[in-house]
Number of protein chains: 2
Amino acid sequence: MPTYKAPVDDALFLLNDVFHIERYGNLPGFSDASPDVIEAILREAAKLSEDVLTPLNRVGDKEGCKRSADGSVTTPAGFKDAYKQIVEGGWIGISAPQEFGGQGLPMTLTEIVNEYFCSANMAFAMYPGLTQGAIAALIVHANDAIKQKYLPKMIEGVWTGTMNLTEPHCGTDLGLLRTKAVKQGDGSYKITGTKIFISAGEHDLSDNIIHLVLARIEGAPAGTKGISLFVVPKFMVGDDGAIGARNGVSCGSLEEKMGIHGNSTCVMNYDSATGWLVGEENRGLNAMFVMMNEARLGVGIQGLALSEVAYQNAVVYAKERLQGRAITGAKFPDKPADPIIVHPDVRRTLMTMRAFNEAARALVLWAGLKSDVAHRSGDAKERQAADDALGLMTPVIKGVMTDVGFANTVSAQQLYGGHGYIAEHGMEQFVRDARIAMIYEGANGVQAMDLVGRKLGKDGGRALMAFLGELGAYAKEKSADETMKPLVTALGQGSGHLQQASMWFMQNAMAKPDNAGAGATDYLHLFGLVALGYMWCQIADAANAKLKSGGDAARFNAKLVTARFFMERMMPETATRLARIQAGAASTMELPAEAF
Amino acid sequence: MPTYKAPVDDALFLLNDVFHIERYGNLPGFSDASPDVIEAILREAAKLSEDVLTPLNRVGDKEGCKRSADGSVTTPAGFKDAYKQIVEGGWIGISAPQEFGGQGLPMTLTEIVNEYFCSANMAFAMYPGLTQGAIAALIVHANDAIKQKYLPKMIEGVWTGTMNLTEPHCGTDLGLLRTKAVKQGDGSYKITGTKIFISAGEHDLSDNIIHLVLARIEGAPAGTKGISLFVVPKFMVGDDGAIGARNGVSCGSLEEKMGIHGNSTCVMNYDSATGWLVGEENRGLNAMFVMMNEARLGVGIQGLALSEVAYQNAVVYAKERLQGRAITGAKFPDKPADPIIVHPDVRRTLMTMRAFNEAARALVLWAGLKSDVAHRSGDAKERQAADDALGLMTPVIKGVMTDVGFANTVSAQQLYGGHGYIAEHGMEQFVRDARIAMIYEGANGVQAMDLVGRKLGKDGGRALMAFLGELGAYAKEKSADETMKPLVTALGQGSGHLQQASMWFMQNAMAKPDNAGAGATDYLHLFGLVALGYMWCQIADAANAKLKSGGDAARFNAKLVTARFFMERMMPETATRLARIQAGAASTMELPAEAF
């Protein structure tokens, strides 16, 4: 049975010492988030994750969700009680606006809490996680009546939310969608169509389920310009907020899938279901993108979360499992064999995971703070800059953190040898669960195209320029520091490759856009390496400061060693990524489709 | 439901045009293997794979194996009939010695056939595959009485074989094993102990199951020097070959595992089971290694096999699935969207798989021919050289082909988007099935250590020198050819990195063996890239010759393009691998175990 310990101290170090959260005290909600309050919240979230959600992870995988003939869906044993604790703790709304019953604390805090919940039980954490995404979309785009009606209950958690985009014939290309909306006399719409892969589409955890549904209003233009967003509750809600009759939406079947068995993945049938428009007609994709950006950050966190819990369990096993002797001579001659952590290849695996996890966590907080600034700052220029940075980094976080997160679950499983392939140890579940994160909320190839095709060139490349400028200024400032110099030099090589790759696209992809497409995934990962390397520099800098001021030597030395490992072992990959990008699209695109 | 088409033409091209199998006509068995005979055999194997084994793949995954209270195990519906066809076709023994009823054909042929069987149904293919491994061990190490008693039935396939190494507390480190053997007056032994993860340990496909079991004879030395190999039949066999009483070996339980559900993975209990010594006392590991080398080649083939079938299904989907428009403008304006194969990132994914599969298949045949020469040549020097090359490449084939093969099943699944995560398309099964190949027969980290710690230095580095020498001579010969020059140049860069890495180990790992351990996995993959690149050069050379002599232009041009893709996109990774190796072990090993 896998174990989990939420890395609270690491988050506190990042918030307080690396990112100096106190500097954000002028933002609404941040003054309430004193170091004590933050620590108390995180310790509470850790307890819930470790004691309640972790033990349900294997149960959820084994039992899965069950659909009855009437279309109702039962979640695995224990999920209902656990969800009650989520509601009672007010966890869904810690960063939601106070006017709707939230606590208004920084979104950054929610990101950290979500990491813990996902590490403990990803399939479970998706229920509150999707609700948070739906809340975000309603806050930005819904009218007041809708907000008043739905948000308080959703923020409380007694109602949950979903996203309904995908249809059997359309996923990435939403322009193809067919679900229809017909306007009624009372201003509502009748929604008819079939949606697939709807996570948490139907279940027994909440009193109502609020579906956000993309559909095409009768007579709307074809393609993406004719798509509108609707809110469609499972049960109708009276003006007094009371739950009324069942709406015309139901779960047609549950998908049999590779993992996240504890989450109900539904085919949802809309049969003249009553819905209300969210935002403007035919501007549904825009509204949905708000939700999707939040969701993409959330999915990136899932990648980190599973990498972290898989790593923790790999460490436990590597210290316990006795097998072979260290090549430098027996370390525990009194035991029948040494623990496998003595073997360099095992160490390499553990260090690789660790070097990713700790920097990825920093990157999540970096993005969380950008999100908070973008939403809460009173300074328009500051908001703009933060929004630029967040928009640029969102596909990187989603794509890289789920690709590498998945790879790390595979590595962690590998350390268990044959035992990793057996269900009872839970390592293979991490792999199966982590796999979905590379696919949903925009498959990672789509993230790569979002980065290269949309984010790079947006506003004349403003976001990229700003990020590269920040890296350059940072390197200049720190290279005078002897302890930082080797790290900053390695970062400089990586960011040099990033610059070259960006330049190469500018020169070669305008006339031949295939050159951008063929290099997009490599560019995404090159960007990720540089971003993580930048985080390592900042972590190391903070660790140096801690060491100088008498902080825990073992703990902060470990940060310095891991930073070095990252630069020596992981950063060099930027060279290969650049070489691939610069190879261009010719050999990739030359064969005719019939040759495959 | 996934489909499969065995790539027979590709194998024929490799045998006839790349490796010129006719040049091996002097070896026993090769003269019987005329081009017509080979093609007939491969077409027959293809038919069996496509029509019989492929349709059973999903069935096997869904149903799995079932153990009854009496310890008997039932395989999934259809497996029994399919296995009957394996026996009737004589497939297990096509390369086995004629004196025991085999057909004596080249082992190379068996490797090709096994690729098809594994692509079609890996869980099923393991039953005959393990029998072939057991046959190989008995041929080399058993005495005549044992050979006469067991081999004919095993080669026919009516009896199957297993390998029993692993125990709950020992996998890689077999020196720890506890299963006991007590010598009896009649020369037999009583074997007692528990073995785990025994593939095909118990099932209903064959009349008898012949277990090869590692155990420690009473009073034998501790560690690996006290291990002996025994043959332990499920049913006792009379001197007349008739099946007698049940032996004291039974299946205690079936493991619940991530994939290969159609294969029975058993806990095997030996309770004073009667067994007979194979080879010498206390030399069991040696004997087992024969089986393991065959098995490791076989497992490498599994990696290729799953990569191939996953690729084929990804191609089908990429041509069918309409989503989005080509960035260079709509390719099918009459359709609602273009097929996703127009997108460069999809192409990149397909080309990456293809560039691996076709070269990996060549590498398997290269190794198969080395194996045939090593076993069958009349020239001792030739045998030695072939054995050197095979020993060097075995960990590379096992480690690289299963790592990359698995990664390719993940990539193929990725192209399906959300549909790839759903069981019905079968793509997620390929991922779960392929995963085990990285683990069993020596986890890939162990393969890396075998290569770096054992194979490199063996006989003063003779095998490596010979291989590098062969590469150098090849490059020199071909660099005069203008069409080959770009490929040979890229190969030269890769092999230069391999040489530098080898040199670095020589200079830095003697005094500090951790430097070898920390770089072993990177070295394994660096070696793999060079080996695959070498194969691409040879394939391209043969394709050029075909084109000159009027061969199918589309087909052989595709080889040239794919060779270029490999060199431009995949070979550059050698630089990163080298950089990691040269970083040494310092940051990998610096942290104390408590820091994890």
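So that the names make sense, note that chain A is the first sequence line, chain B the second, and so on, each numbered from 1.
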Option that, when pairs with chain A are counted at under 4.5 Å, heavy atom only, ranks first among [options]:
options                : result
B/E255, B/R435, B/M570 : B/R435
B/T521, B/V346, B/I340 : B/T521
B/A583, B/A518, B/A554 : B/A518

> Run the side-chain contact (heavy atoms from CB on, under 4.5 Å) check on A/E573 and B/R580 step by step: do they pass?
Replying inline: CA-CA 9 Å; A/E573 193 186 312; B/R580 284 194 195 135; 3.7 Å; yes
Please report the closest heavy-atom contact between [X] and [Y], naming both atoms and the distance.
X      : Y      : value
A/P513 : B/T328 : CG-CG2, 4.0 Å
B/F596 : A/I341 : CD1-CD1, 3.8 Å
A/D514 : B/P344 : OD1-CG, 3.3 Å
A/Q414 : B/I439 : OE1-CG1, 3.6 Å

> What do the steps show when you test B/D173 against A/R325 for side-chain contact (heavy atoms from CB on, under 4.5 Å), and what is the final call?
Replying inline: CA-CA 9 Å; B/D173 186 357; A/R325 291 293 183 189; over 6 Å; no
Name the region of [X], side chain, backbone, both or neither, that has any atom closer than 4.5 Å to a heavy atom of chain B.
X      : result
A/R555 : neither
A/V561 : both
A/I260 : both
A/Q413 : both
A/A593 : both
A/F566 : neither
A/V431 : side chain
A/T562 : side chain
A/A586 : both
A/L176 : side chain

>> Check B/R432 with A/E428, please: is the shortest side-chain N to carboxylate O separation under 4.0 Å?
In response: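 Result for this pair is no, no salt bridge flagged.
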Residue part contacting chain A, namely of [X], when any heavy atom lies under 4.5 Å:
X      : answer
B/Y416 : neither
B/T166 : neither
B/R577 : neither
B/A558 : both
B/P339 : neither
B/A520 : neither

Below 4.5 Å, heavy-atom pairs only: which of [options] has the largest tally toward chain B?
options                        : result
A/C170, A/P168, A/A579         : A/C170
A/A516, A/G453, A/A595, A/G418 : A/G418
A/A575, A/G417, A/A326         : A/G417

Atom [atom1] of [X] and atom [atom2] of [Y]: how far apart are they, to the nearest 0.5 Å?
X      : Y      : atom1 : atom2 : answer
A/T576 : B/M571 : OG1   : CE    : 12.0 Å
B/E424 : A/K257 : CD    : NZ    : 13.5 Å
B/K62  : A/E256 : NZ    : CD    : 4.5 Å
B/I436 : A/I422 : CD1   : CD1   : 7.0 Å

>> Applying side-chain contact (heavy atoms from CB on, under 4.5 Å) to B/V410 and A/F406, what does each step give before you reach the verdict?
In response: CA-CA 10 Å; B/V410 173; A/F406 171 74; 3.8 Å; yes
>> Can you classify the ring geometry of B/F197 versus A/H419 as parallel (below 30°), tilted (30 to 60°) or perpendicular (above 60°)?
In response: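 B/F197 and A/H419: perpendicular rings.
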> Are any side-chain N or O atoms of A/R569 and backbone N or O atoms of B/G584, one a donor and one an acceptor, separated by less than 3.5 Å?
Replying inline: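 Yes, the answer is positive, given that a donor and an acceptor are paired below the 3.5 Å cut-off.
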> Under the criterion side-chain hydrogen bond (donor to acceptor under 3.5 Å, both in side chains), which of A/E568, A/R348, A/R347 is the partner of B/S587?
Replying inline: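 One option only clears the test, and that one is A/E568.
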> Hey, which residues of residues 440-447 of chain B are touching chain A, say heavy atoms under 4.5 Å apart?
Replying inline: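 Within residues 440-447 of chain B, near chain A: B/A443, B/N444, B/G445.
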> Tell me, do A/E590 and B/N557 make a side-chain contact under 4.5 Å, heavy atoms counted?
Replying inline: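 A side-chain contact under 4.5 Å is absent here.
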>> Surrounding NZ of B/K319 (heavy atoms of other residues, nucleotides or ligands, distance under 6.0 Å), is the total greater than 12?
In response: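 Yes, enclosed.
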